[in-house]
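Working notes for the structure below.
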Number of protein chains: 2
Amino acid sequence: MKRATLRDIARELGVTVATVSRALKDYPDISLATKQAVLATAERLNYTPNPLAVKLRQQAYKVVGVVVPDIVHPFFSDVISGIVDVVEELGYHVILSQSNESYEKEIRVTQMLHATGVDGLLVCLSNETVAVDHLRALQDYDLPVVLFDKTSAELAASSVVTNDFQGAYDATAHLLDQGYTRVAHIKGPTHPENTRQRFAGYQAALTAYGLPFRPEYVAECQAVTHAEGAAFAQQFMRLPEPPDAIFAVSDSVAIGAITALKEMGRRVPEDVAVIGFSDWAVCELLTPSVSSVAQPAYAIGRRASELLLREIQQLRDEQPVEHSRVVLDAVLKVRASSQRPESNPE
Amino acid sequence: MKRATLRDIARELGVTVATVSRALKDYPDISLATKQAVLATAERLNYTPNPLAVKLRQQAYKVVGVVVPDIVHPFFSDVISGIVDVVEELGYHVILSQSNESYEKEIRVTQMLHATGVDGLLVCLSNETVAVDHLRALQDYDLPVVLFDKTSAELAASSVVTNDFQGAYDATAHLLDQGYTRVAHIKGPTHPENTRQRFAGYQAALTAYGLPFRPEYVAECQAVTHAEGAAFAQQFMRLPEPPDAIFAVSDSVAIGAITALKEMGRRVPEDVAVIGFSDWAVCELLTPSVSSVAQPAYAIGRRASELLLREIQQLRDEQPVEHSRVVLDAVLKVRASSQRPESNPE
DNA sequence: CTGAAAGCGCTAACAA
DNA sequence: TTGTTAGCGCTTTCAG
């Protein structure tokens, strides 16, 4: 069955397409009789407007593009879920792409998204991404871009991030409150702003508690994996004075560290406390359950979409486009892996 | 900066848009001089074709719609990843929607997807879905639909599923091979075909091993949650002759059951073995590690997209559309939760 | 209250 | 080799 067009309806009723179009959109000046006739035949022919024609006419795609490093990741699927929920309420759809943490692929997919036709872009930068010219080029075409999670100060754009500094500070302070004194940090790569912030929060907490910063207690991941967490935990334990607590930049790294510590015969949290970042669902199910800093993933998706849709609207109304930076608080989830059974058994 | 159009290029060179269009598409009959001139100015003006105009002209959206019950689910995000990888190779994009396991919402989003404009649909039915008239209606508009994971025999459409029967059979047979004799099953709701198949595989294995089917050893989930797994495990243990092994329809249910069994003081796997379905990443990390039947999620996404793209092509070529049913094997992952330490300590 | 006509940007058959 | 023309399906002036 071919899709019915305005012309089909018009022909059936002996009127013009303009009349039909108006009748369907509840225009003021239209006779009740024709309106009802049009509505009836539209119903009968199962009419639905051709989306392409409508969009071409209005110069609006009603689509937002989303680029994440990796779809198969609990944090990102949560963010995506938030995005989908918000944009669908306003009749927009979501086109999804992944960069696989590759700068090249990120350039490719953002350009493809622009070529395919989107009204705006929601992007989480890949770990490899330093330069943001590819995004600036899109902005030059009046395509609004909102960054989330991994953002860049180089780009004049709205962004939504977790308060990584505060989350990291809270995590480190919690360990220190528990009586641990030699707190190490497995940090992420230097490029994404958010892992730098976690590092800064860690340092700030040490300073606030009057503890020295010890470079040998800091390791830097490349790929931010389970395996790296394990490797660095082993490296730390080989130090003359090994740390008694580890704050890891991610849950995967934390879990890798815990696995390695157990294999080395260290008890968690008695000998070494561990705390991660992101609060994956697994954290609760592991033994010991893993303390972690929860990122408001779903809320990030929602806020980022709201900002993007606002900018799209402002652009359409030829109003000045306002950029905002939204920082959402992280929530520390204290579980077994960071709680010293009896802080001071004295 | 406004997006350049064919007309802009044409005006600059004093030719018509038709010439420009042809030059850009490497038409045979075009002078080298004009072709180069066009290419040069196109480059200079940063020309990219207006996707809407192209699509309206060719009557092709270059977009496939995807409907899953829940984006935030490791199985589905894996499937989606497979879909995205395949369709992007052919210049298509993915529009994502979720039904939240609601029949009503599934109807709404599939219609929205049709209204928005997609060339085809990849759908995993919600647990609530029994009737498939909403999908049949879309097929009537020559919109190809491919079902995956949760499918329906009511719809004449291609489908890609896990071999749930074989997976369930293997899981049950494995338990029986380990020496467990009273194997219970926590099954899913009756509607989705796949949980029925798991139930059938369970029964077939019992029969093959000459064991009776005991109705009191079967419980049926509604929501397929952690909590239900826990509740049914407790129910089983209250039986006069409780089972010594449980095959659960999903990992969440299996993990819930294990949690409850531990709380009741039963050891897993010594007193009761447990095996789940889906092989979530957590299974490996829990204590005891949880045996499970792995579904080829990424491959399901790939195969389903391949079938859909084939049908879209066939439709465009006005060839007959062929439907296929692809059944991909499940793989049993044996871990600690289902392995009797010493089968016969005799 | 409704029709006629223009146009969104691009493509393709037909002329020249 | 290039221009002319028509049209994809819809919206929106401008007339009447």
Side-chain angles (χ1 to χ4, degrees), chain A residues 1-39 41-42 45-63 91 114-119 141-142 316, chain B residues 1-39 41-42 45-63 91 114-119 141-142 316:
Chain A
M1 176 172 49
K2 268 265 135 290
R3 205 162 174 152
T5 71
L6 283 190
R7 195 156 59 194
D8 297 328
I9 303 178
R11 195 165 27 213
E12 292 242 349
L13 278 79
V15 294
T16 69
V17 290
T19 308
V20 177
S21 172
R22 283 184 284 232
L24 289 173
K25 326 202 73 196
D26 245 351
Y27 257 60
D29 288 344
I30 195 88
S31 80
L32 194 69
T34 47
K35 175 147 74 181
Q36 289 181 336
V38 167
L39 256 41
T41 45
L45 299 181
N46 260 310
Y47 171 79
T48 50
N50 180 313
L52 255 22
V54 177
K55 290 170 182 174
L56 175 61
R57 196 56 237 262
Q58 340 251 26
Q59 302 284 56
Y61 303 91
K62 296 296 243 174
V63 168
H114 177 233
T116 308
V118 293
D119 297 305
Y141 283 108
D142 287 336
R316 192 167 311 291
Chain B
M1 176 173 47
K2 268 267 134 289
R3 203 165 177 151
T5 70
L6 284 189
R7 195 157 60 196
D8 298 328
I9 303 178
R11 195 167 26 214
E12 292 242 348
L13 284 98
V15 294
T16 68
V17 290
T19 307
V20 177
S21 173
R22 282 183 284 232
L24 290 172
K25 327 200 72 196
D26 245 351
Y27 255 59
D29 290 343
I30 195 88
S31 80
L32 193 68
T34 47
K35 175 147 72 180
Q36 290 181 336
V38 167
L39 255 42
T41 45
L45 298 181
N46 260 310
Y47 171 78
T48 50
N50 181 314
L52 255 23
V54 177
K55 291 170 183 175
L56 176 61
R57 198 56 238 264
Q58 342 247 24
Q59 304 284 52
Y61 303 91
K62 294 295 241 175
V63 167
H114 177 232
T116 309
V118 293
D119 298 305
Y141 282 107
D142 287 334
R316 192 167 310 292

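Convention: sequence-line order gives letters A, B, ...; per-chain numbering from 1.
When the nucleotides dA4(C), dC10(C), dC10(D) are ranked by their closest atom to the side chain of V54(B), dC10(C) comes out on top. You'll find that the side chain of P49(B) is closest to dC10(C), out of dC10(C), dG3(D), dT12(D). Listed nucleotides dG9(D), dC10(C), dT2(D) differ in distance to I30(B); the shortest reach to its side chain belongs to dT2(D).
L56(B) comes within 4.0 angstrom of a base, heavy atoms only. Within 4.0 Å (heavy atoms only), R7(B) reaches sugar-phosphate atoms of the nucleic acid but no base atom. Among the atoms of the strands shown, base atoms are found under 4.0 Å from some heavy atom of D29(A).
Rounded to whole Å, the distance from CG on L52(A) to P on dG9(D) is 10 Å. Rounding to whole angstrom units, CD of residue Q58(A) and P of dG9(D) are separated by 17 Å. For R22(B) and dT5(D), the CZ to P distance is 14 Å, given to the nearest whole Å. Look at CG on N50(A): it is 15 Å from C1' on dC10(C), rounded to the nearest Å. Atom CZ in R11(B) sits roughly 15 Å away from atom P in dG3(D) (whole-Å rounding). The interatomic distance linking L6(A) (CG) with dT12(D) (P) rounds to 12 Å, in whole Å.
In terms of heavy atoms, A60(B) sits closest to R316(B) at CB-NH2, 3.7 Å.
Taking the nucleotide of DNA chain D with the nearest heavy atom to each of V17(A) and T34(B), the more 5' of the two is matched to T34(B). Each of Q59(B) and L32(B) was matched to the nucleotide of DNA chain D holding its nearest heavy atom; the match closer to the 5' end belongs to L32(B).
At least one side-chain nitrogen or oxygen of Y27(B) sits closer than 4.0 Å to the OP1 or OP2 atom of dA12(C). Between Y47(B) and the phosphate of dC10(C), there is a side-chain N or O to OP1/OP2 separation shorter than 4.0 Å. Of the side-chain N and O atoms in S31(A), one or more sit less than 4.0 angstrom from OP1 or OP2 of dT2(C). In this structure, S21(B) reaches the dT11(C) phosphate: one of its side-chain N or O atoms is under 4.0 Å from OP1 or OP2. Within the 4.0 Å cut-off from OP1 or OP2 of dT11(C), at least one side-chain nitrogen or oxygen of K25(B) is found. T16(B) has a side-chain polar atom (N or O) that falls below the 4.0 Å cut-off from OP1 or OP2 of dG3(D).
Each of L24(A), V38(A), T16(A) was checked for a side-chain contact (heavy atoms from CB on, under 4.5 Å) with L6(A), and the lone residue meeting it is L24(A).
Between the side chain of R3(B) and the base of dG9(C), no donor-acceptor pair under 3.5 Å is found. Below the 3.5 angstrom threshold, one finds no donor paired with an acceptor across the side chain of R57(B) and the base of dG9(D).
The pair R3(B)-D142(A) fails the salt-bridge criterion, with no side-chain N (NZ, NE, NH1 or NH2) lying under 4.0 Å from an Asp/Glu carboxylate O.
Side-chain contact between R22(B) and T19(B): present, with at least one pair of heavy atoms (C-beta onward) separated by less than 4.5 Å.
At distances below 3.5 Å, at least one donor-acceptor pair connects side-chain atoms of K55(A) with backbone N or O atoms of T116(B).
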